[in-house]
Amino acid sequence: MKRLALAALAAVALAPAALAAGLEYRSLADVAVLYDAPSKQARQQYVIARQTPVEVVRTQAGWVKVREPGGMLAWVESSALSPQRSVIVTAEKARVLAKPEDGAPLVFEAERRVLLEPLLNEQAPAGWTRVKHRDGQSGFVRISQVWGL
């Protein structure tokens, strides 16, 4: 009995860390309708743009509950999600630099709500990620300036 109680306490203590480590982000393959329940008969909440990053919260029989960049929760058909990832700029202007250092030369600035492709296979120090703009420019941005990682 004591072992079960200790195991339960350990599971509760470790749950927040496990949840934080298990965040999954995807992007929308095309424009999609978000619903208030996992059904096409549910109320349509809004339409979300192609390539918008979303956080996967829950999956259920062909549907995914997602959190969009503004924090709202809604359901979308799982077929609407793409394996291609994107991040969205949340800062007024994100500074994309040549190196992951605050004093590095500026490559470009991206305004709020601009979508960027994260180059996740490239190494970056903690607090930074390498991104690419759709016109080809790439560099490093502070992760605090984007959402979707």
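The structure presented is a predicted model; accordingly, all values stated were derived computationally and were not measured. Both backbone and side-chain heavy atoms feed into the values below; hydrogens, waters and symmetry mates do not.
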Gln51 vs Glu117, side-chain contact (heavy atoms from CB on, under 4.5 Å): CA-CA, chis, key distance, verdict
CA-CA 10 Å; Gln51 293 182 337; Glu117 177 188 349; over 6 Å; no
How many angstroms lie between [atom1] in [X] and [atom2] in [Y], if you round to the nearest 0.5 Å?
{"X": "Ile48", "Y": "Gln45", "atom1": "CD1", "atom2": "CD", "value": "10.5 Å"}
{"X": "Leu73", "Y": "Arg58", "atom1": "CG", "atom2": "CZ", "value": "11.5 Å"}
{"X": "Gln145", "Y": "Glu92", "atom1": "CD", "atom2": "CD", "value": "11.5 Å"}

Can you name the side chain to side chain contact (heavy atoms under 4.5 Å, CB included) partners of Arg95, sequence neighbours left out?
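Arg95 satisfies side chain to side chain contact (heavy atoms under 4.5 Å, CB included) with Leu97, Leu106, Glu109 only.
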Could you work out, with side chain to side chain contact (heavy atoms under 4.5 Å, CB included) as the rule, every residue matching Ser78, not counting sequence neighbours?
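Counting only residues at least two positions away or on another chain, Ser78 forms a side chain to side chain contact (heavy atoms under 4.5 Å, CB included) with Val64.
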[X] with [Y], same ILVMFWY side-chain cluster at under 4.5 Å:
{"X": "Leu81", "Y": "Trp63", "result": "no"}
{"X": "Tyr25", "Y": "Val57", "result": "no"}
{"X": "Leu28", "Y": "Leu115", "result": "no"}

Which pairs with one or both residues in residues 61-73 pass salt bridge (charged side-chain N to carboxylate O under 4.0 Å, His left out), sequence neighbours excluded?
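Applying salt bridge (charged side-chain N to carboxylate O under 4.0 Å, His left out) to every pair that reaches into residues 61-73, excluding sequence neighbours, yields Glu55-Arg67.
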Pairs in or reaching into residues 37-48: which pass salt bridge (charged side-chain N to carboxylate O under 4.0 Å, His left out), with residues at least two apart or in two chains?
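Qualifying pairs, neighbours excluded: Asp36-Arg43, Lys40-Glu77.
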Considering all heavy atoms of both residues, which atom of [X] and which atom of [Y] are nearest to each other, and what is their separation?
{"X": "Gln60", "Y": "Pro38", "value": "NE2-CG, 3.6 Å"}
{"X": "Ser82", "Y": "Arg26", "value": "O-NE, 3.2 Å"}
{"X": "Leu119", "Y": "Ser138", "value": "CD1-CB, 4.3 Å"}
{"X": "Phe140", "Y": "Arg130", "value": "CE1-NH1, 3.2 Å"}
{"X": "Pro53", "Y": "Ser86", "value": "CB-O, 3.2 Å"}
{"X": "Ala74", "Y": "Tyr46", "value": "CB-OH, 4.3 Å"}

Residues, nucleotides or ligands: over 12 heavy atoms within 6.0 Å of Arg50 CZ:
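Counting neighbours around CZ of Arg50, 12 or fewer heavy atoms of other residues, nucleotides or ligands fall under 6.0 Å, so no.
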Hydrophobic clusters join Ile, Leu, Val, Met, Phe, Trp and Tyr when side-chain heavy atoms are under 4.5 Å apart, directly or via other members; which others share one with Leu116?
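In the cluster with Leu116 are Val87, Val89, Val96, Val107, Phe108, Val114, Leu120, Val131, Val141, Ile143, Val146, Leu149.
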If you define the side chain from C-beta out and look only at heavy atoms, does anything of Trp128 sit under 4.5 Å from Arg142?
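A side-chain contact exists here, since the closest heavy-atom pair is under 4.5 Å.
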With heavy-atom distances below 4.5 Å as the criterion, would you say the side chains of Leu34 and Val47 are in contact?
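Side chain of Leu34 against side chain of Val47, heavy atoms only: no contact under 4.5 Å found.
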Quick one: list whatever passes salt bridge (charged side-chain N to carboxylate O under 4.0 Å, His left out) with Arg113, sequence neighbours left out.
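Expected list: none.
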